[in-house]
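Please read the structure below before turning to the comments.
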Amino acid sequence: MNIYQKILNDKSSGKKNFVVLIDPDKYTPQSLAIVVKLSVESGVDYFFLGGSLLMTDNHATIISYIREKSGIPVILFPGNNLQLNNEAEGILLLSLISGRNPEMLIGRHVISAPFLKASNLEIISTGYMLIESGFTTAVNYMSNTTPIPASKDDIAVCTATAGEMLGMKLIYMDAGSGAQKPVPASMIRSVKDSIRLPLIIGGGITTALLVERAYNAGADMVVVGNAIEKDPDLITAMTAVRNACHQTHVN
Ligand code: 1GP
């Protein structure tokens, strides 16, 4: 079964997904081994792979290590065109729909299109929405876009709805890596109530309680990067919350 079909199936059966974001620049072979082991034991659903910069050329090594040690699919979550790799299972082809930078809406996609078309990657078009989070995150700066204000649920709803009508397959609301404040629960709920697409939430989620809050507000998939880099044991607690939220929904 392809990745997107599995995401749709999980959504319709109420099964929540938990994703570990691997920023290749932040991991050593040792820290990667710990995170992969805990992820396998806890049943992490996916790895996303990507970062804002490209300081190391270790993407292929990381992907093949994960493939060797786990059956968990690796999905590219690229910060730029240089982070494309044919070895992963899929790619979130992000269009930054909260911004008004044409390069991030369509320009880089044009440049990458021949590579992607020739690749074996499953391409999952994703409406990517940056939400203001208290300070300028790396992605705000690197994408040269202004995030949606955290208090403007209506703008978030209209943006996600437009993304859905344009044919995106997923909506990803991101406060940005290392955000001080995650996406507000009220905004998650408002967007969830307005679209039928699977909804991904990430950025600034540092505790199991925040994971639970995102699921309860309507996230189908929660992504955690920074907090797990600092404390890999969070994987166990966060996936336990995912399992409990799944049970709650099913019962
Ligand atoms: C960033 O949503 C991801 O794009 C994850 O963010 O690193 O803050 O968990 P964190």
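Side chains included, hydrogens not; waters and symmetry mates left out as well; all remaining heavy atoms used.
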Does the structure place the NZ or CZ of Lys16 under 6.0 Å from the centre of the six-membered ring of Tyr215, at an angle of no more than 45° from the ring's axis?
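The answer is no, since Lys16 fails at least one limit relative to Tyr215.
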Thr61 and Asn58 side chains, donor-acceptor separation under 3.5 Å
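Judged by distance alone, the side chains do not pair up.
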Going by atom types only, do Thr145 and Asn101 share a side-chain donor-acceptor pair under 3.5 Å?
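Asn101 and Thr145 do not have a side-chain donor-acceptor pair below 3.5 Å.
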Once you round to the nearest 0.5 Å, how far does [atom1] of [X] lie from [atom2] of [Y]?
{"X": "Lys192", "Y": "Met173", "atom1": "NZ", "atom2": "CE", "answer": "10.5 Å"}
{"X": "Glu132", "Y": "Ser151", "atom1": "CD", "atom2": "OG", "answer": "7.0 Å"}
{"X": "Arg108", "Y": "Ser95", "atom1": "CZ", "atom2": "OG", "answer": "12.0 Å"}
{"X": "Leu84", "Y": "Leu121", "atom1": "CG", "atom2": "CG", "answer": "8.0 Å"}
{"X": "Ile72", "Y": "Arg67", "atom1": "CD1", "atom2": "CZ", "answer": "13.0 Å"}
{"X": "Ile91", "Y": "Ile3", "atom1": "CD1", "atom2": "CD1", "answer": "11.0 Å"}

Of all the heavy-atom pairs spanning Lys169 and Tyr4, show the shortest one and how long it is.
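That closest heavy-atom pairing would be O-OH, 2.7 Å.
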Could you report the tightest heavy-atom contact between Met168 and Leu197, atom names first, then the distance?
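That closest heavy-atom pairing would be O-CD1, 3.3 Å.
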With side-chain contact (heavy atoms from CB on, under 4.5 Å) as the test, would you mind laying out the steps for Phe18 and Val241 before giving the verdict?
CA-CA 10 Å; Phe18 185 76; Val241 165; over 6 Å; no
Can you confirm whether [X] sits close enough to [Y] that some side-chain heavy atom of one is under 4.5 Å from a side-chain heavy atom of the other?
{"X": "Val157", "Y": "Met187", "answer": "no"}
{"X": "Ile7", "Y": "Asp220", "answer": "no"}
{"X": "Tyr27", "Y": "Tyr65", "answer": "no"}
{"X": "Val19", "Y": "Phe47", "answer": "no"}
{"X": "Asn17", "Y": "Arg242", "answer": "no"}
{"X": "Ser177", "Y": "Val139", "answer": "no"}
{"X": "Ile201", "Y": "Val223", "answer": "no"}

Determine yes or no for a side-chain-to-main-chain donor-acceptor pair under 3.5 angstrom, with [X] supplying the side chain and [Y] the backbone.
{"X": "Ser42", "Y": "Val44", "answer": "no"}
{"X": "Glu89", "Y": "Ile75", "answer": "no"}
{"X": "Asn140", "Y": "Thr137", "answer": "yes"}
{"X": "Asp174", "Y": "Ile131", "answer": "no"}
{"X": "Ser98", "Y": "Met129", "answer": "no"}

Treating Ile, Leu, Val, Met, Phe, Trp and Tyr as nodes and any side-chain heavy-atom pair under 4.5 angstrom as an edge, say whether Leu209 and Ile235 lie in one connected cluster.
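Different clusters: Leu209 never reaches Ile235 through Ile, Leu, Val, Met, Phe, Trp or Tyr contacts under 4.5 Å.
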Ring geometry between Phe77 and Tyr128 (parallel below 30°, tilted from 30 to 60°, perpendicular above 60°)
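Rings of Tyr128 and Phe77: perpendicular, over 60°.
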Residue pair Leu130, Ser143: steps toward the side-chain contact (heavy atoms from CB on, under 4.5 Å) verdict:
CA-CA 10 Å; Leu130 282 177; Ser143 68; 4.0 Å; yes
With Asn9, the side chain to side chain donor-acceptor pair (under 3.5 Å) member among Gln5, Lys11, Lys6:
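Result for side chain to side chain donor-acceptor pair (under 3.5 Å) with Asn9: Gln5.
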